[in-house]
Protein chains: 2
Amino acid sequence: MGVPSGSDGDQPPTRTVTLRDVAQLAGVSIATASKALNGQPQVRATTREKVVRAAEQLSFSPNTLAQGLITQRSGTVGLLTSDLEGRFSIPILMGAEDAFGSDQTSVFLCDARGDNVRERHHLRALLSRRVDGLIVVGARPDARPSLGDLPVPVIYAYSPSDDPNDLSLVTDNVGGGSMAVDHLIRHGRRRIAHITGDATYGAARDRAAGALDRLRQEGLALAGDQVWYGAWSEAWGRGATRMLLQRDPTVDAIFAGSDEIARGVLDVLHQEDLDVPGRVAVIGFDNWNILAANARPPLSTIDMNLEQLGRLAAQRLFAAIDGNVGSGTETIPPRLITRESTAPLD
Amino acid sequence: MGVPSGSDGDQPPTRTVTLRDVAQLAGVSIATASKALNGQPQVRATTREKVVRAAEQLSFSPNTLAQGLITQRSGTVGLLTSDLEGRFSIPILMGAEDAFGSDQTSVFLCDARGDNVRERHHLRALLSRRVDGLIVVGARPDARPSLGDLPVPVIYAYSPSDDPNDLSLVTDNVGGGSMAVDHLIRHGRRRIAHITGDATYGAARDRAAGALDRLRQEGLALAGDQVWYGAWSEAWGRGATRMLLQRDPTVDAIFAGSDEIARGVLDVLHQEDLDVPGRVAVIGFDNWNILAANARPPLSTIDMNLEQLGRLAAQRLFAAIDGNVGSGTETIPPRLITRESTAPLD
DNA sequence: TTGGGGACCGAAAACGTTTTCAGGAACGTA
DNA sequence: TACGTTCCTGAAAACGTTTTCGGTCCCCAA
């Protein structure tokens with residue numbers, strides 16, 4: 001277990017091959033070797049060929065540190081997230097990584113764990129590494145303090161910056177809420193209730209606002225007479241549903257503020273022998289696959305398009321690096337995922 | 001939305017401050033400035049003070065690219081994961097990031113998405129960036145092809161390398177399986193069944209092996225007469241439980257191969273009005289918090305200590321970078337999480 | 001007064017690239 | 001033959017550090 005051992009082929013400490021080696025093997029100067037490999041036009045086709053072959057033969061790989069030093073572009077960006085643990089950072093991060101990966105930029109991942117001093121520490125490190133830009137991914141969709149003026153462009157994702165001069169990308173919770181309710185209405189539901197999470201989250205209030213808005217347009221009242229704010233948990237979903245059924249047994253659809261809550265809702269509806277979606281339709285929020293797709297029945301839900309948000313953040317960052325800095329808040333539209341927990345009332 | 005706008009204070013294009021500026025302000029040479037800031041002894045206390053003050057005043061931050069160029073250490077490592085999406089990579093990644101973050105090393109995150117050519121592409125990029133080492137995080141706990149001889153040390157995490165000369169860190173599935181069954185036995189259970197996932201996963205077979213082993217020690221037979229291999233899904237948990245109850249109604253404990261499966265098991269037990277844990281105890285695997293902690297009742301489970309695995313990977317990589325390269329396979333012990341789905345039979 | 005030695009400092013080389021610019025070769029034209 | 005072009009190549013500077021090594025200054029003992 002972990003036995004120290006010299007690497008297998010204990011070669012004479014093979015210096016990493018440099019451009020000089022390539023040039024030498026190709027019989028040209030370092031300058032032309034560089035130009036040949038970078039596709040500069042002012043080099044004869046035959047010499048370029050020679051150089052390329054030499055580079056391949058030595059399996060040369062240019063030292064990006066050196067390149068970055070002179071071009072003043074490191075080809076790296078920082079991804080500063082406040083909680084890796086949370087399920088929201090990950091898709092954003094995937095989208096961003098994907099968008100960058102197809103370019104030549106590499107991504108530094110930093111997790112501040114919601115700690116401010118850790119964030120500043122990582123920030124220092126990233127700037128010291130001369131990243132070309134950075135994306136700040138928040139933990140919850142409420143505004144966060146701006147990092148202020150930095151020598152590189154910054155994009156805020158998920159949590160918007162509190163400074164309107166920064167560029168922030170956020171999900172559309174109002175739109176999502178109204179989209180969920182719209183879906184239920186289209187399926188003929190009239191007695192629609194809303195159970196959601198912690199009211200201190202802007203996301204909870206926004207989704208509720210969107211839902212109420214859509215109901216009002218239709219001239220409908222909220223079943224259960226109130227928005228059931230509580231916690232982002234399955235247990236709250238169960239508890240609220242019991243109370244709701246007691247207060248208003250005529251409910252025929254429940255919009256849950258998260259898939260977790262929706263799971264709790266489903267659980268109690270089963271206990272009460274209320275058929276889903278025959279008797280009561282249920283729609284969740286987040287499209288957290290493990291919860292939504294495996295529910296019984298599989299859960300219709302609103303997808304916030306987080307991966308797209310991540311990709312867009314990457315694109316906006318590129319633009320900013322190229323000088324097109326933007327500002328303000330851009331909103332990503334959500335997407336309805338229909339599964340079997342919602343169906344037309346017949 | 002995204003209106004291009006020059007940055008607020010349109011300062012005269014503020015060149016990033018370099019060591020030369022610090023030296024100049026402090027009235028010393030670049031050399032002494034460097035030595036002063038790096039805590040080299042051969043510099044008078046008063047001059048060091050001057051330099052430090054100048055550096056602060058200009059908020060100097062050393063260019064790590066330049067440093068890396070000459071010290072031949074970039075202070076970066078690559079984290080090459082095959083699927084970010086999967087829930088197993090994340091905790092490992094968190095552990096590693098944490099361990100590195102407390103050091104001065106930054107982490108390049110690369111997601112190969114299970115694609116081989118993407119993996120090679122990222123590998124090239126990382127080597128070009130002169131990372132000091134890298135950690136390869138697999139998607140499933142079966143062996144994966146070695147990356148072969150690289151100019152930097154490599155640690156394989158979760159998925160071991162198929163080359164025994166590499167150093168791999170893996171979870172202990174056999175131990176986990178036996179730990180789960182042991183827990184059930186200690187609670188007086190005698191009719192223990194095992195429902196698990198896809199038999200092509202080494203993890204499934206290993207956990208089953210550990211479970212059977214422990215049963216054999218106790219002279220017990222498996223309830224249901226077989227290991228119920230199937231899929232890593234809630235649906236399979238439900239289906240298998242129904243079959244199991246039909247075949248052997250005397251079962252008093254179920255060891256599920258994953259928390260997802262366990263959720264399905266719980267669901268059917270509730271439908272059948274079999275009290276958990278009064279009548280049947282249930283234990284899961286993975287300690288996937290969202291599923292386990294929110295189950296009804298909260299689910300006892302086996303935690304694979306993935307975060308610790310990530311941290312250990314970071315430590316081993318450090319050691320390797322410092323010349324202490326290891327080889328072979330190191331196993332991380334699992335941990336029992338007891339919640340309310342298991343209890344003594346009375 | 002001289003010499004030795006310690007403490008401190010700075011000039012310069014080095015890391016591996018890119019880019020500028022001067023110049024050589026080859027060629028066509030007057 | 002002389003000259004202007006065009007095409008290609010290479011010397012050298014630059015990027016921002018670290019590190020080596022020789023040098024200066026000062027102090028103290030002989």
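Each chain gets a letter, A, B and so on, in the order the sequences are listed, and its residues count up from 1. Everything numeric here is computed off the predicted structure, so don't read it as measured data. Note: hydrogens, waters and symmetry copies are ignored here, and every other heavy atom, side chains too, is used.
- Straight-line distance from the CG atom of A/Leu37 to the P atom of C/dG16: 16 Å, rounded to whole Å.
- For A/Thr71 and C/dT18, the shortest distance from a side-chain N or O to OP1 or OP2 is not below 4.0 Å.
- Applying side chain to side chain contact (heavy atoms under 4.5 Å, CB included) to B/Val77 and the options B/Phe108, B/Phe100, B/Phe318 leaves one that passes, B/Phe100.
- Comparing D/dG16, D/dT19, D/dA14 against the side chain of A/Ile70 picks out D/dA14 as the nearest.
- The distance from atom NZ of A/Lys50 to atom C1' of D/dG10 is 13 Å, rounded to the nearest whole Å.
- A donor-acceptor contact closer than 3.5 angstrom links the side chains of B/Asp166 and B/Ser146.
- When distances are taken from the side chain of A/Arg130 to each of D/dT20, D/dT17, D/dT18, the shortest belongs to D/dT17.
- In this structure, the nucleotide among C/dT17, D/dT18, D/dC21 sitting nearest to the side chain of B/Gln67 is D/dT18.
- OP1 and OP2 of D/dT9 both lie 4.0 Å or more from every side-chain N or O belonging to A/Thr32.
- Phosphate contact (OP1/OP2 of C/dT17, side-chain N/O of A/Thr18, threshold under 4.0 Å): present.
- With A/Asn38 contributing its side chain and A/Lys35 its backbone, the two residues share no donor-acceptor pair below 3.5 Å.
- Between A/Asn63 and C/dC15, a side-chain N or O to OP1/OP2 separation shorter than 4.0 Å is absent.
- One finds a side-chain N or O of A/Ser34 lying less than 4.0 angstrom from the OP1 or OP2 phosphate oxygen of C/dT18.
- Comparing D/dA12, C/dT18, C/dC15 by their closest approach to the side chain of A/Ala31 singles out D/dA12.
- A/Leu65 comes within contact range of no nucleotide atom at all, as no heavy-atom separation falls under 4.0 Å.
- By the 4.0 Å N-to-carboxylate-O rule, A/Glu119 lies close enough to A/Arg144 to be salt-bridged with it.
- Under 4.0 angstrom from either OP1 or OP2 of D/dC8 there lies no side-chain N or O belonging to A/Gln42.
- Considering only residues two or more places apart in sequence or on other chains, A/Ile155 meets the side chain to side chain contact (heavy atoms under 4.5 Å, CB included) condition with A/Ile135, A/Leu167, A/Leu169, A/Ala313, A/Arg316, A/Leu317.
- Taking only side-chain nitrogens and oxygens, A/Thr64 never comes nearer than 4.0 Å to OP1 or OP2 of C/dT17.
- Looking at which nucleotide of DNA chain C each of B/Val43 and B/Leu69 is closest to, the 5′-most match is held by B/Val43.
- Positionally, the nearest nucleotide of DNA chain D for A/Gly27 lies more toward the 5' end than for the other of B/Val17 and A/Gly27.
- Checking D/dT18, C/dT18, D/dG10 against every side-chain atom of A/Ile30, the shortest atom distance belongs to C/dT18.
- Neither OP1 nor OP2 of C/dA7 sits under 4.0 Å from any side-chain N or O of B/Arg44.
- Distances were taken from every side-chain heavy atom of B/Lys35 (C-beta onward) to each of C/dG10, D/dT18, D/dC15; the shortest belongs to C/dG10.
- Take the nearest nucleotide of DNA chain C for B/Ala66 and for B/Ala45: the residue whose nucleotide is more 5' is B/Ala45.
- Contact annotation: B/Thr47 side-chain N/O to C/dC9 OP1/OP2 distance is under 4.0 Å.
- For the pair B/Met94 and A/Arg113, the minimum side-chain heavy-atom distance is below 4.5 Å.
- Distances shown here put a side-chain N or O of B/Gln40 below 4.0 Å from the OP1 or OP2 atom of D/dT19.
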